[in-house]
Every structure is written in C-alpha cells, then in structure tokens.
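Working notes, structure below.
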Amino acid sequence: MGGVFGNKWSPDSMMWLTFASVFALWAITVSSANLVSEREFSNYKHGRRKLDDIGGSISIDCGILDDYKYTDDKTEIEYISDKDFIDSGENRNISSKFNHETLQKYLWNVRSFPQGNRSCYTIRPHEGKDTTYFIRATFMYGNYDEQDKLPEFDLYNGVNIWDKVKFDNESHIVIKEIIHFSLMDHINVCLLNTGSGTPFISALELRHFHNSSYRIPPTKSLVLYRRFDVGSTTGQVIRYKDDAYDRMWFPYNFLQSIPFDTSSAVDSVNHSEYKLPSMVMNTAVRPMNNDSLDFEVDTNDPTLEFYIYLHFAELEIIQENEQREFNISLNGNSWKESVVPLYLSSTTINSSTPVRGPKLKFSIYKTENSTLPPILNAMEVYIFKDFLQAPTDQEDVNAIMDIKVSNGVTKIWQGDPCLPRPAWDGLNCKDNGYEPPIIISLNLGSSGLTGKISPSMARFKSLEYLDLSNNSLTGPLPEFLSQMPKLTTLNLSGNKLSGSVPSALLERSNNGFLSLSVDGNPDLCVMAPCKKEKKNFVVPLIAAIVSALVVLTMLVVCWRCKRKQAAKQLPSTHQGGRPLKSDNRQFTYSEVVSITNNFQKIVGKGGFGTVYLGCLSDGMQVAVKMLSPSSTDGSTQFLTEAQLLMRVHHRNLTSFVGYCNEGTNFGIIYEYMAYGNLEEHLSDKTRDALSWKERLQIAVDAAQGLEYLHHGCKPPIIHRDVKTANILVNEKLQAKIADFGFSKFFTEGQSHLSTAIVGTMGYLDPEYYTSNRLTERSDVYSFGIVLLELITGKRAIIKSHNKDNTNIVDWVSPLLARGDIRNIIDPRMPGNFDTNSVWKAIETAIACVPLISIQRPSMNHVVIELKECLEIEKAHEQDCGPMTKSFNDTFEVNPLGLEMDMVPQAR
Ligand SMILES: *[C@@H]1O[C@H](CO)[C@@H](O)[C@H](O)[C@H]1NC(C)=O
Ligand SMILES: *[C@@H]1O[C@H](CO)[C@@H](O)[C@H](O)[C@H]1NC(C)=O
Ligand SMILES: *[C@@H]1O[C@H](CO)[C@@H](O)[C@H](O)[C@H]1NC(C)=O
Ligand SMILES: *[C@@H]1O[C@H](CO)[C@@H](O)[C@H](O)[C@H]1NC(C)=O
Ligand SMILES: *[C@@H]1O[C@H](CO)[C@@H](O)[C@H](O)[C@H]1NC(C)=O
Ligand SMILES: *[C@@H]1O[C@H](CO)[C@@H](O)[C@H](O)[C@H]1NC(C)=O
C-alpha cells in the first residue's frame, strides 16, 4: 500500500454510515435524521429516468390503513397498503417522539406480528418468474409498542435466510436489499420470530431489474453490502427518480482523495445495462498523490463471497497529449488492466467470480504511460448468497393451498408450508435441508373445516398422518383415501360424513396398514349393505369381523388387471368348465370337510396352516389350505392371499376356487398342482431329473407369473416370497406361482415400500434386507436365485459339513469367473441341450442378482431373455435330435461379458 493517505474508510467522513458496526454486518444502516435532506433531491433535474423504468414495481407501506395509498412527494413513488399481501399482524404507529415531519412517511407506521412464529408477505409481480428482482425491506422500531425494547428477528427470502434484523437504537433505520433471480412467479418475504422480540416491518419494495445487468445464476442472490456514490458533492442519498431502478446510493469520500465533478450529464445518450444515475456518475474522486487510490473494505467474515462492481466515467476532457489509464488490483492480485474511462459514458468493472477475504483491499493505480491519476465514480459490493434450500414440493403446495380454500382453513398459513421452520400450524414436513420438503402429516382436527373432503388430498404423495376429526366435513368418503400410498393414520371421526366407507380403505385398515377412525359420523355406514341403525365403531376391528367384511367387499371391488392381458391368458385350464361366479365361491365348513374327506390327505404345510387334498363334486382336484385356529398371526396373510387370488387371473398363478369363512374356520381352496413344487422336483433324487427344456419352460412360466404381478396388475403386486417351494408344477409341467400370503400391493408412482422384512433366507434381496426398501426388483433378485437353482440343481443356500454355508450366488461366481460352465450345470441334467441357451440363461440369472436393485432388469426383460433361451433350445432340439454334445467343443470362455451387463445380451 504505497499511498500516503489513509487506506481505510474514514469513520468520520460520513457520520451516518457505520462500518465496523458489530450489528449490521450485512446491512446498510442509516439513522433517520440523515435522510431528512433527501427531500432536497426533488430539485435535482439531471439525468432523470422515466417512471416506466421501474414499471411493475410494488411499494408497500406496511401498517397503513387497508385502503389507503399515497404518493411520496419527493420520490413520486406510490405506496400502497399491505392488505393484499399478508393476512395477519397489527397496524401500529411509531411513537410521536420519533415521528418528525421530515421522516419518510413509510416509516411512520409498522405492521407488527405478535401472533405466529412466521409471517410472510406474498408478492406476485406481473413480470412473473425467471427474472431478476430487487427487493428492499425497511425497518425502524420507533418504539411503536412503547416497550422501549429493541427486537431482533430473522428475515427470509422465501425459504432461505436473507439476513438478521437488529437495531442500534430506536431511530435506527435498517435497510435490507437483495437482488434475486426468481424461479417462481411469486416472492415470499418472511419474518421469523426467533424469541428475541416481536417481528415488524416498516416498508417493503420490489423492483424489476433489466435482465442483462447483475447477471447471476438462478438460486443465487446478491445481498447488498455497500453501495457508494463516491465523491458526492451533496452528501445526499440518491435513489428514484434519479436511479431508474431505485437503488439507494450512499455518499462517500476517501480521506486522501480529491472529489471532482462535472455539470454535464453522464450517459445522457446511451446508458449502460446498469442504468447508472447521472447524479452518481458525474461525481468522482482522484488520489491526492496522483498515483493510486487505495482503500479497503472490511468484510468481517472471510467465509463470505463477494461480488464487486466498480463504476467509472471520465468527467474531464482529455487533451491530445494526455491519457488516463489505470490498473486495478484486489487483495494484491491484478484484477483488471488498462482501464480507460470514456468521456461522460459509464464503464463497469465487475468480478466474474466471487471474491473472499477478511478484507477487500483495492488499489486503482495509473499505468506507466498514463499522465492523469486514476479515478473512481461509484462502487457496489454484494454478498453472494447461494440459496440452496428448495421450497416445498410444488404438488404438495398446490394441494394444501386448495384445501385451505375449499375447506375454509382459518389458520395463519403464509409463505411456504414447510419452511422456514416451524411449518404451518397443523403440518409436519420431512426435509433434509436441500431437497424440496414434503408434507407428511396434516393435523386439522377441531379446525372448523367445512365442505367435502377435498380431492386435492389425493395429491399428497407422502402423507402418513391425516387427522380431520371434529370438524363439519360433509359428503362421502372418497375412494382415493385408500390409494394414498403412505397413509397410516386416518382420523375422520366427529364429522358429518355420509355414504359408506370405501371397502379398500377397510381392507387397508384390516391388513394393519392403516389406523382408521370414522366414528361419530351419524350418516356414515361402515358395512355394506348399509343399514341406518348401524352403530358407529372404531377400526381396526377385531380380525374375525373384518375378515368377513373384507371377503364381502372383495367381491364388489373391481380389480383392474390389464384387460388385454387377462383376455389373452384366460381361461386357465381348470376354470374352463367351471365358470366361477363370485357368489358360488363361498364354501361352508361342512362342504370343506366333505371336499377334503375330513382332512384326510395332507399335501403341504405352511407357516400358518395345513394344505389338504380335496375333490370337488365335479371331480376336480383341489388344494384346501386351512388356517390353523391357533395361528392368529396368519389371518392377515390368509386374507391377503384370498384377496389376491380372487383378483388376479393368469395361467402362471395358482387359480382360486373358493374360500371358507365360518366362525374360526378360514380356508382357501385353489387348484391342485399334482406335481408339487419345484423345490421337491429339483431335490428329489428319486424322480427323473428335469431336462433343460423343461427347466426353461418352468422358468418362463414362473417369470410370466411374476411379470404379470409386477406389470399386469394395477396396483402392481410384489410377491415377496419367490422361491422354488412356491412354484408349483402340474402334470403338464406347467409352472404357477403360489403362496401370496406375504404379497404387497404397490401403488404406482411409489418408488418403494418400507416394510418389515419377510421372505426366505437365501432368496432375500440383500438391499431390501439392509434398507427395508421394497421394490419389485426384490422379486427379481429372488427369481434370479430360482433360475440359478434350476441351472445348477443346487439349493439357494448350499450346506456344507466343514465350511460355512454358501449362498448360491457366491458359489456360482468364482466358477463363472473362470468360465467353468461345466461345473455350474446340474450334473443330473440330461446332456442334450444347447450350450448357448444355457449360457444365456446363466447370464440372465446373474443379471438378476446384483446387490443394488436398480442394476437388476425388470421381469419384462427376464421373460424376453428366457423365451429366447427356450427358442434357442427348441431350435437345437429340432436340428440335432437327441444327441449329446461335448462341453469342450461348444463353450466359449467369456467371463467379462457376464459381469457387467445389466440386461443380459443375446449371445
Ligand atoms: C442510532 O443508531 C445509528 C446507527 O448506529 C446511529 O448512526 C445514530 O447516531 C443513532 N442515533 C441515536 C439517536 O443514537
Ligand atoms: C396512526 O395514526 C393515524 C393518524 O396519523 C391514525 O389515523 C391511526 O388511527 C393511527 N393508528 C393506530 C393504530 O393508532
Ligand atoms: C432479456 O430479456 C429479453 C426479453 O425480455 C430476452 O430477449 C433476452 O434474451 C434476455 N437476456 C438475457 C441475458 O437473459
Ligand atoms: C497532481 O496532479 C496535479 C495536476 O493534475 C498537480 O497540480 C499536482 O501538483 C499533482 N500532485 C502531486 C502530489 O503530484
Ligand atoms: C507506453 O508508450 C510507449 C510509446 O508510446 C509504448 O511504446 C509503450 O508500449 C507504452 N507502454 C504501455 C505499457 O502501454
Ligand atoms: C371440537 O372442536 C371444537 C371447536 O371446533 C372444540 O371446542 C371442541 O373442544 C372439540 N372437541 C373435541 C372433542 O376435540
């Protein structure tokens, strides 16, 4: 720092500017007394802009009477009341002690917010979104509440903190300015009570910026730190109408500098994109020593990032033999070289990247050939703020706004529903501080709600808790309530709802997915057919009643499995001669006893009951699964399975014949699969081993069954217990998926379900196991294990005497890495098969079992691949006849191709 003059801002030069102030780090602080003489500006005629330049601007004098508006006689800005921008708070006048007639009118009164933690103004400028706005909030306490206690609170721009508001004294005017690129068509300015006094505001002004100046990336904002009219001769703050954008320029002079000015207008012909006021630009300073202007700005925080704009204009006519040229350095680094200001035309030097440091040290020094000293006309320093917090999910916002209106919510709900915390009264949100928050709970009990349950409720994708109890809601219970994927608590008690409770809702309640309360709605009937005298009751109901109910309701619910698929795949072999009407599916207990010949032959045993062989009067063999009376836990599984079987129809899913529900006797009757399950087939050494083609046919069948559950049903169904024991085979070696006791309905649009882990060791998707996140890809994993068992003849967990048990994937992988296909294939499998087909099947199986679920293919893909395997094998059979090939001749060793492909490639 070579200058002989002080290289710090002089604290004396302008009394009303406070710099090292511990309070107002980000604020320009102005005491009221010093703005008095601003009025004199109205005489100044230079370089005036037209009013249109800030067309669309909104100037709000907070706290004036509702329909009052006035034009400020000095600036000619029209101020309006805040009644259209906020619906809470109280109008208060500042103490007469501070209200003198030279004080700007918008400071005479405030709006104060003793109620609620968060108060938000919502401004909807007609320029809309995707443009840059300049927002200024002004605060002067003036002892409006006669407490003589300076409050402190937070100021938010939307959901992001803008600044803290603190006061030095009762007449201290705090001005906060921000330049903000808005991605939304409305702007929220919020005051947050931080427990240090009641928030209030004096004025709020919004200006629209030309889009080419102060170019900032979306989500970023510039918070004003300093804005100086350097070399001011009047000592006045300059704003509109001198400044077309209504920026406020504060006069400033350096100690060891010489101010100079011109009476000519700057930028009178062309103005730069910054539209700098002539009044600011036609004053400047030059250094006393003629060499360099050195000054520094304390930032007080080395972590902050600053954007700097220095504005220059030549004010003197430069003679032929003279030159004014200078370089600028910042914190010792060269920032800009060879700046030559243009005569009466402004040039702005701005930082292209943000600058940091505890101090910003500027040196503007003349170049070697320059005969004239450097100058400076004006400067702006902004804090660069990254507004990372996204507002609440837009769909949730739309939904809650609609509910607010349609159900007459009278709560003070302003700004964003979730942020800044606390969320709106009655709401709970989930947010990670970065992604858009989502609404997960809505407690509107005893809130005087009226009207019908709003269809907008259906738009909440993540709502878990909904309490609408003790209101005056009317109309029916909408069906969509049962479709809300995450909903676990629904309290509708104490309303005037009518009609009946949707069956799907009762099912969810019965299945333990939902805690449902509907009591205290005199006109609402809970069971179909509706009877007026039905007593109100609270769900969850005891299992027996509900099971009966569910069975009843299931019969009327239309399960929307894809039509064409159903048409294509029906009728199943066993249903052909037996049209199953819903009403003849119910069997009495005595019928079951007779069908099973008094439970004579057991054909299987599951966790929740025993499976008996039965024979219908028409001679059709059936399997009758009876819930063991001791198994109370099993009832849910039984119900799930019954519901599912009734609704899904596919030739690769076991078909439903009927059910029995009498007292404590609950049973499901379905087609009998004579050849038992695949597990027995593969492990039973006394049977003939399945050929490769048979195995492939079984694999294709099972895959099609799963594909149908995942992609053919709405909502999709996840089986959750895919294993060889649950794949049944009939006498034609046609395979069907069985046992839906653990299956889950999966609502569309949902990425996953969080559920308790069920499944079978060895088949269980490791990702589901560790994360509880269930997707249909968990079934794909299990199916991959089934495929590996089909290929290898091994069990999912390979037991060994001397070593730990090995998972089949871990057993296959090293063999595969070596290309040792021969040792992978089930040694019992008859040798005549196409090796390409086996290769492809192994690839398909391996593709199903990555640890990360998204790397697994969908069942659609798996079916396509397996069908190709089958085609290859069939072609081979025709070509070669029953002949055994040598492995060595045909296997290519290509372990690399196996590992990486997400979806198996055709070989
Ligand atoms: C109030 O605070 C401001 C800013 O710190 C200061 O400039 C002004 O002199 C103070 N006024 C009084 C009356 O103390
Ligand atoms: C504020 O003062 C104005 C007159 O200047 C008066 O009309 C108004 O009622 C006052 N408001 C309050 C809340 O006292
Ligand atoms: C500024 O806005 C105009 C139209 O309003 C548009 O044509 C122009 O591309 C915009 N410029 C920038 C830099 O966004
Ligand atoms: C600075 O330049 C002016 C003329 O432009 C001259 O009168 C003055 O003496 C110079 N001051 C110094 C310290 O060199
Ligand atoms: C200064 O002027 C001389 C002669 O006009 C020229 O040769 C030289 O390059 C100039 N230096 C700079 C830094 O511009
Ligand atoms: C129901 O709401 C009213 C106000 O809407 C309240 O006064 C009453 O205490 C509430 N009753 C219950 C049981 O919550």
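Each ligand, and each atom within it, is numbered from 1 in the order the structure gives. Given the structure is predicted, the values throughout are model-derived calculations rather than measurements. What you see below is based on every heavy atom in this structure, not just the backbone, and it leaves out hydrogens, waters and symmetry mates.
- Between E205 and R136 there is a salt bridge, since at least one side-chain N of the basic residue sits less than 4.0 Å from a carboxylate O of the acidic one.
- The salt bridge (charged side-chain N to carboxylate O under 4.0 Å, His left out) test with E177 singles out one residue from R207, R247, R227, and that residue is R227.
- Annotation: side chain to side chain contact (heavy atoms under 4.5 Å, CB included) contacts of P114 (sequence neighbours excluded): E90, S112, T198.
- With salt bridges taken as basic N to acidic carboxylate O contacts below 4.0 Å, one links K83 and D67.
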Give every pair made of an N or O atom of ligand 2 and a protein N or O atom lying under 3.5 Å apart, one pair per line with both atom names and the distance to 0.1 Å, or write 'none'.
unit_1: ligand 2; atom_1: 2 (O); unit_2: N93; atom_2: ND2; d: 2.3
unit_1: ligand 2; atom_1: 11 (N); unit_2: N93; atom_2: ND2; d: 2.9
unit_1: ligand 2; atom_1: 14 (O); unit_2: N93; atom_2: ND2; d: 3.3

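- D301 places none of its side-chain heavy atoms less than 4.5 Å from the side chain of I383.
- Close N/O approach between D168 and ligand 1 is found [any backbone or side-chain N/O within under 3.5 Å].
- Side chains of T283 and D261: no donor on one and acceptor on the other come within 3.5 Å.
- Side-chain contact annotation: N143 with D148, donor-acceptor N/O pair under 3.5 Å present.
- Below 3.5 Å of separation, one finds no N or O of S447 facing any N or O of ligand 6.
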